[in-house]
2 protein chains.
Amino acid sequence: MENTFNAICQKLHQLDYKVTPQRQVILQAFLENAAEHLSAEEVYNIVKERYPEIGLATVYRTLDLLAELDILQKINFGDGRTRYELDQHETHYHHHMICLECGRVQEFDDDLLESLEKLLTQQTGFHITDHQLKFFGYCRDCAAQKLKRSDVDAI
Amino acid sequence: MENTFNAICQKLHQLDYKVTPQRQVILQAFLENAAEHLSAEEVYNIVKERYPEIGLATVYRTLDLLAELDILQKINFGDGRTRYELDQHETHYHHHMICLECGRVQEFDDDLLESLEKLLTQQTGFHITDHQLKFFGYCRDCAAQKLKRSDVDAI
DNA sequence: ATCCATGCAAAAATTTTGCATGAGC
DNA sequence: GCTCATGCAAAATTTTTGCATGGAT
């Protein structure tokens, strides 16, 4: 299953969910902002441009639905609101690095958890379907600034 | 630095934070419930038994403080509230498995991310200080029940 | 006609803030 | 007396819910 507009609409349809214009514009928001991790309110603001009469509750309900269907993935970066991104489940090697200084989120891919998952299932009986890996630290820019600042402090 | 009551109080003291009775009972709540991942409200309820006049705002402020000082770690399991646990930073190999059916959280330890962190820092310049790894899936009990249910469905 | 989805408004739940009070040095 | 921490209440923020309306089959 691909993450294309049509593939997702088909999936909805097959599961007997209506492919309403509201759901379509919300999907589009994610497809056109694949680099972002959007919150409900951000989605609402984006979507209102094309579909001004949409309600925030509809956005919440749609995000819930799409997350339930594994089309979106819920993430929480600790800024007080739930964020969503298109599920990278097929690739599954999709992780985040969060800068504790500026809050920016970088991505990277790696598959090294596959073997660990199998081992864990064997050892614990826990049947793993997905994972989330987040690294916290300081991005190159902020790390450099911190270094500079501590030079100054040292004077 | 250890995660003992005294070690943490010393750390607070050294950083010029007062070791108030409120902060002490909150710390105790975590030390005595090391297996749990407590939310602010849960901490509040635990702590009220020993210190009934404490306010919820104090709990929030204390949790913020302790998280800021890396004594607690903020986690989010997607249940709508921020949770906290004593920071396992020294061991650093502390991860979670979250059951999508019953919501229970199991823990496990593994050190396989160490080498990846070094590699990432080399490749991207992102200076990693911590990470969080969560696995999602179905615990042994729920996985067994799901299996049973699909047997029944198949009849 | 029925059923699902929607918009709006209200409510709920979580977290933050302002401010006067109080404890400790 | 000064400063920091606290309790309380109010406010802000995020999310959920109830309900009447509307659209599609």
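Only a predicted model underlies this, so the values are computations on that prediction, with no experimental measurement involved. So you know, we letter chains A, B, ... as the sequences are listed, proteins then strands, and number each from 1.
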Have a look at A:Tyr51 and say if it touches a base, only the backbone sugar-phosphate, or nothing, with a 4.0 Å heavy-atom cut-off.
-> sugar-phosphate
Mapping B:Asp64 and A:Arg23 to their closest nucleotides on DNA chain C, which lands nearer the 5' end?
-> A:Arg23
Minimum-distance nucleotide to A:Thr58 side chain [options: D:dT17, C:dT14, C:dT6] | C:dT6
Rounded distance (Å) that lies between atom P of D:dT16 and atom CZ of B:Arg81 = 12 Å
Here the distance between atom C1' of C:dG7 and atom NZ of A:Lys48, to the nearest Å, is 13 Å
For C:dC4, take OP1 and OP2 only and decide whether either is under 4.0 Å from a side-chain N or O of A:Thr20.
-> no
Presence of B:Tyr60 side-chain N/O under 4.0 Å of C:dT16 phosphate oxygens OP1/OP2 | no
The side chain of B:Arg61 lies closest to which of these nucleotides: C:dT17, C:dT15, D:dT15?
-> C:dT17
Short side-chain N/O contact from A:Thr82 to OP1 or OP2 of D:dT14, under 4.0 Å = no
Do any side-chain nitrogens or oxygens of B:Gln22 fall under 4.0 Å of OP1 or OP2 in D:dG7?
-> yes
Tell me: CG of A:Leu56 to P of D:dT16, nearest whole Å?
-> 10 Å
Taking the side chain as every heavy atom from C-beta outward, state whether A:Gln106 and A:Arg140 have any atom pair closer than 4.5 Å.
-> no
Taking atom C1' of D:dG7 as reference, at what distance in whole Å does atom CD1 of B:Ile26 sit?
-> 13 Å
Answer yes or no: are there more than 12 heavy-atom neighbours, outside B:Glu68 itself, under 6.0 Å from its atom CD?
-> no
Would you mind telling me which residue lines up with the more 5' stretch of DNA chain D, B:Asp16 or B:Pro52, judged by nearest nucleotide?
-> B:Asp16
In whole angstroms, how far is the P atom of C:dT14 from the CG atom of B:Leu63?
-> 14 Å
Take atom CG of B:Asn76 and atom P of D:dT15, then tell me their distance rounded to the nearest Å.
-> 10 Å
Are more than 12 heavy atoms from other residues, nucleotides or ligands located less than 6.0 Å from atom OH of B:Tyr17?
-> no
Atom CZ of A:Arg83 and atom C1' of D:dT15: how far apart are they, to the nearest Å?
-> 15 Å
Could you check how far OH of A:Tyr17 sits from P of C:dA5, rounded to whole Å?
-> 8 Å
Backbone of A:Lys74 reached by a side-chain donor or acceptor of A:Gln132 within 3.5 Å | yes
Hey, could you give me the CG/CZ distance between A:Leu119 and B:Phe108, rounded to the nearest 0.5 Å?
-> 9.5 Å
